[in-house]
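These notes concern the structure reproduced below.
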Amino acid sequence: MASLPNGGPEFRVAVVGSGPAGFYTAGPLLSDAARSISVDVFDRLPTPWGLVRSGVAPDHPKLKMVSAVFEKTASRPGFRFFGNVRVGSDVTRADLLRHYHAVVYATGAENDRKLGIPGEHLPGSHSALQFVGWYNGHPDFSEERFDLSCERAVVVGNGNVALDLARMLSLSREDLACTDVADHALERLAESAVRETIVVGRRGPAQASFTSPELNEFALLESIRVEVHEPSVLEFAPDPASSGSEELRRLELLRQFAGAGGVRAAGDCRTVQFRFLSSPVAIRGEDKVEEIVLERNELYLDDSATFRARPTGELVTVPTGLVLRAVGYGGTELTGVPFDASKGVIAQRQGRVVSPSGSPSAGEYCVGWIKRGPTGVIGTNKRDALETVTALLADLDAGVGNVPVEPCPDAILELLIARGVQVVDQECWQRIDSHERARGDAASRPRVKAGRWDELLSLAGRPGGGPPR
Ligand code: NAP
């Protein structure tokens with residue numbers, strides 16, 4: 001562990017979660033010139049970087065380059081990584097408040113939203129969380145099985161995650177082979193029988209959440225043909241309440257796809273079809289998914305001048321063996337931390353955790369998706385973290401933070417060792433990282449990921465330290 005030049009730090013901060021929000025919080029705290037602050041970053045996984053490692057699609061390597069910034073932060077004096085530590089069981093909220101002046105929750109959104117329709121739990125119906133985790137080598141999902149023997153898959157949702165899923169189901173072996181996609185997924189996706197992926201949106205194309213740069217990627221991929229079901233939907237105008245330019249760009253791209261007869265028709269292309277104004281109402285099958293029932297919607301303007309969908313009663317049945325829902329995520333409640341269950345976020349003001357009565361909880365903060373909900377790109381977390389860090393520093397200066405009864409930096413490690421927790425520290429993680437990169441070099445890929453708990457912990461030098469408790 002790196003140590004501070006003048007002995008112990010003045011303030012000790014625990015950050016729970018090592019994704020972008022966690023690292024964008026640790027960075028400014030460690031580089032703060034006015035105070036001496038150490039930061040311990042906890043993660044239940046033996047690997048850091050959160051969604052940068054296990055959420056960003058493998059064919060988006062540029063987005064993953066931000067990990068270099070996180071590694072720079074991790075090399076600063078005062079930083080420690082506590083991987084393979086589950087906050088809530090290995091160490092509790094109360095434990096953290098006994099050891100740190102401040103605790104920042106950066107736990108993201110680990111739950112997927114459900115559709116709440118019959119048949120949703122049939123084999124062959126999965127959440128984006130499972131599929132993304134599987135192809136990205138997240139150890140919780142390495143044993144998942146997806147039936148890729150069907151010819152048609154259906155992705156429900158119109159956000160950027162839905163586009164990631166549709167692309168990953170359609171990329172060729174050549175497209176995938178140069179990425180860090182998990183080895184177990186590479187073969188299955190390359191050999192998949194899926195020839196058509198239907199992306200279902202409940203509202204119109206102008207109301208979709210996916211963004212035009214991500215949509216435009218389909219035009220650049222030779223292995224994918226894009227269609228728009230019933231192109232007349234492209235005549236709908238954007239919401240009067242919206243600025244319009246991004247919506248118009250999206251519509252223009254979709255018109256190009258539709259007008260070009262699917263852009264390209266020849267060869268062994270896989271097809272992505274956008275189907276708007278449709279809501280799934282049932283998933284059916286004997287003992288696995290065999291079809292999905294979609295209901296046609298119409299749009300109406302609500303009081304805030306936003307187009308909403310309402311059902312028309314017109315049903316259509318689409319045969320499929322695989323349904324993936326990408327309808328958003330939600331956060332998980334941490335025992336004792338005030339939680340707004342309706343939004344799936346921690347109750348907070350400017351990053352300060354607040355009780356139901358609205359009063360701040362001394363020394364507790366939050367950042368990222370668990371603070372603002374599952375929206376925004378990786379960079380959004382930088383601005384968001386700055387707000388939380390500003391509040392935290394102001395509280396330290398005002399002396400209204402938490403007063404730890406165990407401020408010695410070694411005490412938390414001793415506690416975890418006494419509880420039998422096999423902590424994966426920064427050095428352990430670097431062993432995993434070097435191994436993956438070396439295997440990647442040999443295969444002309446960015447890295448070849450270790451994707452199972454036992455493999456990761458053994459590479460870290462912590463065999464027998466998992467699986468998760
Ligand atoms: P999202 O952008 O919030 O999209 C969720 C989609 O699900 C919306 O189209 C929503 O439709 C739909 N939906 C919600 N409930 C539904 C239901 N019951 N039935 C049918 N559709 C339903 O969420 P996301 O795609 O999970 O993405 C999360 C965040 O990560 C976003 O900010 C996204 O931009 C970001 N992200 C970025 C990238 C990238 O930069 N390349 C990649 C992936 C994710 P309505 O609009 O009608 O509610």
Side-chain angles (χ1 to χ4, degrees), residues 19-21 50-52 54-66 108-118 120 125 127-133 135-136 154-168 198-218 220 236 238-239 241-242 246-247 250 274-283 292-300 302 304 306-311 323-331 343-345 368-370 372-381 383-384:
L51 286 183
V52 169
S54 55
V56 172
D59 63 330
H60 282 168
K62 279 193 189 150
L63 290 181
K64 298 181 191 229
M65 283 162 69
V66 69
E110 286 199 309
N111 284 328
D112 58 281
R113 280 201 204 124
K114 308 281 185 294
L115 291 167
I117 59 173
E120 190 170 7
S125 162
S127 68
L129 205 66
Q130 292 167 300
F131 196 64
V132 171
Y135 67 57
N136 268 329
V154 172
V155 173
V156 181
N158 259 189
N160 281 329
V161 171
L163 295 195
D164 282 350
L165 301 184
R167 238 182 26 260
M168 289 301 293
I198 300 183
V199 179
V200 175
R202 62 179 167 184
R203 297 191 289 160
Q207 292 78 35
S209 308
F210 53 70
T211 42
S212 53
E214 280 64 30
L215 185 59
N216 191 43
E217 283 179 41
F218 286 97
L220 310 174
F236 283 107
D239 291 12
S242 75
E246 166 61 15
E247 288 85 342
R250 261 192 329 251
F274 288 91
R275 192 181 281 230
F276 297 100
L277 295 176
S278 300
S279 284
V281 290
I283 299 171
I292 185 166
V293 183
L294 303 176
E295 181 167 17
R296 194 184 176 81
N297 294 327
E298 61 184 11
L299 294 182
Y300 70 97
D302 73 3
S304 59
T306 301
F307 278 115
R308 302 277 171 212
R310 73 178 156 222
V323 175
L324 301 176
R325 60 173 185 277
V327 294
Y329 301 121
K343 296 186 183 138
V345 295
W369 279 8
I370 196 67
R372 65 176 195 277
T375 58
V377 294
I378 292 166
T380 314
N381 293 297
R383 198 173 53 238
D384 180 80

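Everything numeric in this text was worked out from a predicted model, so none of it was measured. Numbering of ligands and ligand atoms starts at 1, following listing order.
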Point to revise | Any residue meeting side chain to side chain contact (heavy atoms under 4.5 Å, CB included) with Arg383, in chain and number order, not counting sequence neighbours | key: Thr380
Point to revise | Partners passing salt bridge (Lys or Arg N to Asp or Glu O under 4.0 Å) against Asp384 (at least two apart in sequence or in another chain) | key: Lys371, Arg372
Exercise for review: Verify the ring-centre separation between Phe210 and Phe218: is it less than 6.0 angstrom?
Suggested key: no
Extract all N/O-N/O pairs under 3.5 Å that connect ligand 1 to the protein, and present each with both atom names and the distance rounded to 0.1 Å.
| residue | atom | partner | partner atom | Å |
| --- | --- | --- | --- | --- |
| ligand 1 | 9 (O) | Asn158 | N | 3.0 |
| ligand 1 | 15 (N) | Arg202 | NH2 | 3.4 |
| ligand 1 | 25 (O) | Asn160 | N | 3.4 |
| ligand 1 | 25 (O) | Val161 | N | 3.1 |
| ligand 1 | 32 (O) | Gly376 | N | 2.7 |
| ligand 1 | 34 (O) | Asn160 | ND2 | 3.0 |
| ligand 1 | 41 (N) | Glu214 | OE2 | 3.2 |
| ligand 1 | 46 (O) | Arg203 | NH2 | 2.8 |
| ligand 1 | 47 (O) | Arg202 | NE | 2.9 |
| ligand 1 | 47 (O) | Arg203 | NE | 2.8 |
| ligand 1 | 48 (O) | Arg202 | NH2 | 2.7 |

Identify each donor-acceptor pair in which a side-chain atom of residues 275-283 lies under 3.5 Å from a protein atom, sequence neighbours left out, and give them as a table.
| residue | atom | partner | partner atom | Å |
| --- | --- | --- | --- | --- |
| Arg275 | NE | Gln273 | OE1 | 3.4 |
| Ser278 | OG | Phe276 | O | 3.0 |
| Ser279 | OG | Asn297 | ND2 | 2.9 |

Review point. Are the charged groups of Lys114 and Glu120 less than 4.0 angstrom apart, N to O?
Key: no
**Study point:** Check: Arg250 side chain, Thr211 main-chain N or O, donor-acceptor pair, under 3.5 Å
**Key:** no
